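Inspection log for the structure reproduced underneath, given as structure tokens.
We name chains A, B, ... by the order of the sequence lines, and we start the count at 1 in each one. Model, not experiment: these values are computed from the prediction.
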Amino acid sequence: MHIAWFKRDLRIWDNEAFTNACKSQYVMPLYIIEPDLWKQDDLSYRQYVFLRDCLKDLNRELEKIGQRLIIKTGDALEIFNDINSQYGIKEIWSHQETWNYWTYKRDLKLKDWFKLNNIKWNEVTQNGVVRGLKNRDGWSKEWQKRMNILPYEPPKKIKDHKFNSETIPLPKQLSLNNDGIEIFQKGGRSEGLELLKSFLNKRGKNYSKEMSSPLTAYRSSSRLSTHIAFGTLSIKEIIQQTTNRKKEIQKLSNVEKNNWPRSISTFSSRLRWHCHFIQKLEDEPDIEFKNMHSSYNKLRNESDYDFFFESWKKGLTGYPMVDACMRSLIRTGWLNFRMRAMLMSFASYHLWLPWQITSKYLASLFTDYEPGIHYAQSQMQSGTTGINAIRIYNPIKQGIDHDPDGVFIKKWLPELRNVPKKYIHKPWEDIDYIKEYNPPIVEELEARKAAASKIYKLRKEKSHKIESSKVYIKHGSRKARIKKVKKQIKIKKVEIQKNLF
DNA sequence: ACTTAATTCGC
DNA sequence: CGAATTAAG
């Protein structure tokens, strides 16, 4: 018997593993719910609720071709052992999963066990992430090649062998309790396709301008991340549809074009980043815990840990934009990219908290949590990669720029509803309202300068530079480097011209 | 791979 | 004087 093992990725459309598994007459489409995985700090109730929708949806899709999804709850190895002794497993098909450290370790354990039991485990590619990569040279070309492959089609019909399935456990049965979410994202392929369609044809028009503000981003950004993370849409099909839409836009008149060309190109570049980031975790699974650059290991051990962490977690830092973003994230499970970066930056620089603890908390709040993107971004936002520029967000400036009238702030912070516009980003300056809201837990400018000086001091050291080039070879974007080199050539040319006159 | 603040540009 | 560019915290 063959098993099509649906991992986190639940697709049946554009799923090479499933398509191949179906070539055998005896196929079990299997999904394993692993209680130990759901005990990890980065997983949560909101993600599980989304997953349940997806599982139900996948089952409906499978019923159309005469099959059912076989759900099992428990330890993966024990489950495979049971199935093997009952039916005898010949081959297992799944995609190459790049997920968190727990799933990585599980796969290593399973690999040995499969080998011992003469079970062939076929792991096929699913996106642009390349397994066993030595360094980043040529990665971009490989990515492009993969993205051009036509989607895989499942067969029209497969035989149902009446394998025993269990019901999907309730969140409570996995000790998952509501973590404060009130506005849920709905899982399932039809939901995802609908979002993609409305984004490419309507909502995305001003994406490039409106992605940064939490007031406009909910409508103007794709919000496809959760569907990509759970595989109800594949990154490949999104890229292909975006390319088609791009061609369509090129044919429009200038008036009709409007802001579309710029928005589509901004969106496309973000689609490229997706695999670029996950590749980092594929190449180095310990960046979930360890600084990408070891020079930063001695940093961040002297902050007022518990108090700062607790205040930040609850949205009680005294900075309206930070608190509004955190409280909205708790209740909706989604936040636009820039505001996520601001939350991380504030925790890592102003509060000087280690990203290892804050990133786990954020992961659990994001319904669209994708480890590869999450830890690479967390480290970048905390300045521990050694290859990226230090970017410290000023929460006051972000508020003024992206929520000038305080509409977003007032929506999520009821205690500030009566604060006049003049003081909404600095309520501590208004004596009338100072009692209603937490005073700032750190002084913005002071905290930012202190963080910057510590980081820059470290960056000047020789040992830092040596390791940076190593990190770059492993993880750095070659495209960004080409841009930098071109810029330097341009500067030199200008200098030469100056000297001539 | 999308900050901030200072400085220069351009009308 | 605001927009664009660029150096740097």
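With sequence neighbours left out, A:W139 forms a side chain to side chain donor-acceptor pair (under 3.5 Å) with A:Q279. Looking at residues two or more places apart in sequence or on another chain, you find no side chain to side chain donor-acceptor pair (under 3.5 Å) involving A:S463. Legend: residues meeting side chain to side chain donor-acceptor pair (under 3.5 Å) with A:E467, ordered by chain and number and at least two apart, are A:S294. Contacts of A:S345 classified as side chain to side chain donor-acceptor pair (under 3.5 Å), with partners at least two apart in sequence or in another chain: none.
Of the residues in residues 281-296 of chain A, none lies under 4.0 Å from DNA chain B by heavy-atom distance. Interface residues of residues 365-391 of chain A facing DNA chain B, ordered by number: A:M380, A:N388, A:R391; criterion, heavy-atom separation under 4.0 Å. Of the residues in residues 261-280 of chain A, those lying under 4.0 Å from DNA chain B by heavy-atom distance are A:R270, A:W273. Using a 4.0 Å cutoff on non-hydrogen atoms, no part of residues 320-329 of chain A comes near DNA chain B.
The local environment of NZ in A:K411 is sparse, with at most 12 non-hydrogen atoms from other residues, nucleotides or ligands closer than 6.0 Å.
Residue pairs satisfying the salt bridge (Lys or Arg N to Asp or Glu O under 4.0 Å) criterion with at least one member in residues 254-265 of chain A, sequence neighbours excluded, are absent. The list of salt bridge (Lys or Arg N to Asp or Glu O under 4.0 Å) pairs with a residue in residues 265-286 of chain A, not counting sequence neighbours, reads A:R131-A:E282, A:D286-A:K290.
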With Watson-Crick and G-U wobble geometry limited to distances under 3.5 Å, how should the secondary structure of DNA chain C be encoded in dot-bracket form, using | for bases paired to another strand and [ ] for crossing pairs?
||||||||.
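Nucleotide B:dC2 holds its P atom 16 Å from the CE atom of A:M342, rounded to whole Å. Atom CZ in A:R340 sits about 16 Å away from atom P in B:dT3, given to the nearest Å. Atom pair A:I455:CD1 and C:dA8:P shows a separation of 19 Å (rounding to whole Å applied).
For the pair A:K313 and A:Y361, the cation-pi test (distance below 6.0 Å, angle within 45°) is passed.
The aromatic rings of A:F6 and A:F18 sit tilted relative to each other, their planes meeting at an angle between 30° and 60°.
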Listing time: all N or O pairs from protein to nucleotides 4-7 of chain B that are below 3.5 Å?
residue : atom : partner : partner atom : Å
B:dT4   : OP1  : A:N394  : N            : 2.4
B:dT4   : OP1  : A:Q398  : NE2          : 3.3
B:dT4   : OP2  : A:Q398  : NE2          : 2.9
B:dA5   : OP1  : A:R448  : NH2          : 3.3

